[in-house]
Amino acid sequence: DERVIDAPQRVPKARSRIDVPSEGDGYITGTNCEHFGMALAMLGGGREKKEDAIDPGVALEFHKRVGDPVKKGESMATIHYNDDAKLDEAKTMVAASYFVATEAPREKRPLIRRILGA
């Protein structure tokens, strides 16, 4: 429904949400975006096979990005979901997709690294 561009409240909302906490103190030094996508697909936010339906309410809300400090127990992301059949597996995958180190990354990554097709 292209009307969501002008009326974002039209986007379906998930019934449930759960935070993904940090397992320790440190700095976010990297992420595995492919695993974020796989976790969403497990919960219905994408397809594992082409016949699967997509649940538009499933989402990941990110609270931390590369370079940010994080404390143990602090939420790095929130999973919005409707079906908890694979929730534990998806939550574990999202948590493991954050790389936390004791030292901050030495250099800041640019917001845009390159423009494809330019």
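The shown structure was predicted, so the numbers you read here are calculated from the model rather than taken from an experiment.
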Rounding to 0.5 Å, atoms CD1 (I5) and CZ (R10) come to a distance of 12.0 Å
Electrostatic pair D52:K49 at N-O distance under 4.0 angstrom:
yes
For E61, enumerate each residue passing the side-chain contact (heavy atoms from CB on, under 4.5 Å) test, keeping only those at least two apart in sequence or located in another chain.
R17, H63, T78, H80
Residue list, salt bridge (Lys or Arg N to Asp or Glu O under 4.0 Å) with R3, at least two apart or on another chain:
D1
Partners passing side-chain contact (heavy atoms from CB on, under 4.5 Å) against S16 (at least two apart in sequence or in another chain)
Y81
Minimum heavy-atom distance V70-S22, with the two atoms named:
CG2-CB, 3.4 Å
Are any side-chain N or O atoms of N82 and backbone N or O atoms of A14, one a donor and one an acceptor, separated by less than 3.5 Å?
no
What distance do R15 atom CZ and D83 atom CG have between them, rounded to the nearest 0.5 Å?
8.0 Å
Atom of P21, atom of K91 and distance for their closest heavy-atom approach:
CD-CE, 4.1 Å
E23 side chain near V100 side chain, heavy-atom distance below 4.5 Å
no
Suppose we screen for salt bridge (Lys or Arg N to Asp or Glu O under 4.0 Å). Which residues come up paired with K50, at least two apart in sequence or across chains?
none
Decide whether L40 and I18 are clustered together by the hydrophobic rule: side chain heavy atoms of Ile, Leu, Val, Met, Phe, Trp, Tyr closer than 4.5 Å, transitively.
yes
Donor-acceptor pair, distance only, cut-off 3.5 Å: does the side chain of K64 make one with the backbone of S75?
no
Look at the side-chain heavy atoms of Ile, Leu, Val, Met, Phe, Trp and Tyr, link any pair under 4.5 Å apart, and say whether L60 and M76 land in one connected group.
yes
Under 3.5 Å donor-acceptor pairs involving side-chain atoms of residues 24-33, not counting sequence neighbours:
| unit_1 | atom_1 | unit_2 | atom_2 | d |
| --- | --- | --- | --- | --- |
| D25 | OD1 | K72 | N | 2.6 |
| T29 | OG1 | F99 | O | 3.2 |
| N32 | OD1 | E34 | N | 3.3 |
| N32 | OD1 | H35 | N | 3.2 |
| N32 | ND2 | H35 | ND1 | 3.2 |

Among residues at least two apart in sequence or on other chains, which ones pass ring pair (Phe, Tyr, Trp, His ring centres under 6.0 Å) with F62?
F36
Taking it one step at a time, do L43 and D55 satisfy side chain to side chain contact (heavy atoms under 4.5 Å, CB included)?
CA-CA 8 Å; L43 296 170; D55 180 346; over 6 Å; no
Using every non-hydrogen atom in the two residues, find where A39 and V94 come nearest and quote the distance to one decimal.
CB-CG2, 3.7 Å
